[in-house]
Amino acid sequence: MPVLAESDVEKLKILKKEFEIDWLALSYCRSASDIQEAQQVLFSLGMQGTKILAKVESRQALVEFRHILRYADGLILSRGMVGLDVPSEKMCLIQKTILSACNVVGKPVMITRV
């Protein structure tokens, strides 16, 4: 399944005509290849300046976290979604690890409740 549905691409085409889009939040990012695929779509639309925030929402994204961080311009950690996949007592450590890794490489990170 593509990381951006055809309807997403069509909406981006419409929005880019009226707005300068700085960031794209990429939901359900599973791996670095998802980010690369989204970058290719953005490039094909002439949106090379648009940065990608990868949303970490699953155990698979946690396993691939270092690779995702390498290719994404920033991260969003969905505590609620990740919390469904990991024991609650591990959530603070996961959050701290992700925040620290993003700070070390100088990439923005956001934490969401859901």
Side-chain angles (χ1 to χ4, degrees):
M1 184 157 93
V3 68
L4 291 172
E6 189 59 40
S7 61
D8 296 327
V9 176
E10 292 303 317
K11 289 172 185 156
L12 281 171
K13 287 178 185 176
I14 293 167
L15 288 171
K16 79 173 195 135
K17 292 177 184 175
E18 194 171 336
F19 302 101
E20 188 175 320
I21 301 172
D22 296 320
W23 293 90
L24 174 70
L26 190 60
S27 292
Y28 302 106
C29 184
R30 301 169 305 254
S31 66
S33 64
D34 287 346
I35 298 161
Q36 292 170 320
E37 183 181 330
Q39 286 171 334
Q40 289 174 350
V41 170
L42 291 173
F43 285 9
S44 73
L45 296 174
M47 300 172 66
Q48 292 86 344
T50 301
K51 297 180 189 261
I52 297 176
L53 283 170
K55 195 166 183 188
V56 176
E57 300 179 89
S58 66
R59 181 181 296 272
Q60 182 180 0
L62 290 175
V63 170
E64 295 290 323
F65 167 70
R66 296 285 178 194
H67 300 290
I68 290 171
L69 181 60
R70 181 178 305 141
Y71 288 93
D73 298 299
L75 290 179
I76 301 170
L77 172 62
S78 175
R79 288 183 51 143
M81 294 300 289
V82 171
L84 297 173
D85 286 344
V86 300
S88 57
E89 63 271 11
K90 301 277 187 192
M91 197 61 227
C92 288
L93 180 59
I94 290 168
Q95 179 176 318
K96 184 176 181 178
T97 301
I98 289 175
L99 282 168
S100 296
C102 288
N103 286 336
V104 165
V105 297
K107 293 187 179 182
V109 59
M110 293 173 246
I111 308 294
T112 66
R113 192 170 51 95
V114 272

Participant: Atom NZ in K55, atom CG in L75: separation rounded to 0.5 Å?
Facilitator: 12.5 Å

Participant: Side-chain heavy atoms nearer than 4.5 Å, only ILVMFWY residues, links allowed to pass through others: does that put V41 and I21 together?
Facilitator: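 Shared cluster, yes.
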
Participant: Can you find a pair of side-chain heavy atoms, one from Y71 and one from C29, that are under 4.5 Å apart?
Facilitator: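 They are not in side-chain contact.
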
Participant: Determine yes or no for a side-chain-to-main-chain donor-acceptor pair under 3.5 angstrom, with K16 supplying the side chain and M47 the backbone.
Facilitator: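 Here the side-chain-to-backbone pair does not exist.
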
Participant: Going by the rule side chain to side chain contact (heavy atoms under 4.5 Å, CB included), which residues pair with V105 if we only count those two or more places apart in sequence or in a different chain?
Facilitator: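 Residues passing side chain to side chain contact (heavy atoms under 4.5 Å, CB included) with V105: L69, K107.
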
Participant: Who are the side chain to side chain contact (heavy atoms under 4.5 Å, CB included) partners of A38, not counting sequence neighbours?
Facilitator: V3, L4, L26, I52

Participant: Side-chain heavy atoms nearer than 4.5 Å, only ILVMFWY residues, links allowed to pass through others: does that put L42 and W23 together?
Facilitator: no

Participant: Restricting to side chain to side chain contact (heavy atoms under 4.5 Å, CB included), what partner residues turn up for F43, sequence neighbours left out?
Facilitator: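 By the side chain to side chain contact (heavy atoms under 4.5 Å, CB included) rule, F43 matches Q48.
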
Participant: Tell me the salt bridge (charged side-chain N to carboxylate O under 4.0 Å, His left out) pairs involving residues 25-38, sequence neighbours left out?
Facilitator: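 Salt bridge (charged side-chain N to carboxylate O under 4.0 Å, His left out) check on residues 25-38 returns R30-D34.
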
Participant: To the nearest 0.5 angstrom, please state how far the CG atom of L53 sits from the CG atom of L24.
Facilitator: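 The CG atom of L24 is 8.0 Å from CG of L53, to the nearest 0.5 Å.
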
Participant: What are the two closest heavy atoms between A61 and V56, and how far apart are they?
Facilitator: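 Nearest heavy atoms, A61 then V56: CB-CG1, 3.8 Å.
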
Participant: Considering all heavy atoms of both residues, which atom of Y28 and which atom of E57 are nearest to each other, and what is their separation?
Facilitator: N-OE2, 2.5 Å

Participant: Does E20 have any side chain to side chain contact (heavy atoms under 4.5 Å, CB included) partners at least two apart in sequence or in another chain, and if so, which?
Facilitator: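 E20 satisfies side chain to side chain contact (heavy atoms under 4.5 Å, CB included) with D22 only.
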
Participant: To the nearest 0.5 angstrom, please state how far the NE2 atom of H67 sits from the CD1 atom of I35.
Facilitator: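 The distance works out to 11.0 Å.
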
Participant: Quick check for you: to the nearest 0.5 Å, what is the distance between T50 atom OG1 and L45 atom CG?
Facilitator: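 Interatomic distance, T50 OG1 to L45 CG, rounded to 0.5 Å: 9.0 Å.
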
Participant: Indicate every side-chain donor-acceptor pair of residues 85-102 with a distance under 3.5 Å to a residue at least two apart or in another chain.
Facilitator:
from: D85; atom 1: OD2; to: R59; atom 2: N; distance (Å): 3.0
from: Q95; atom 1: OE1; to: R79; atom 2: NH1; distance (Å): 2.7
from: T97; atom 1: OG1; to: L93; atom 2: O; distance (Å): 2.8
from: S100; atom 1: OG; to: K96; atom 2: O; distance (Å): 2.9

Participant: Atom CD in E10, atom CG in D8: separation rounded to 0.5 Å?
Facilitator: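 Separation between the atoms: 10.0 Å.
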
Participant: Please report the shortest heavy-atom distance between A54 and I68, naming the atom on each side.
Facilitator: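 That closest heavy-atom pairing would be CB-CG2, 3.7 Å.
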
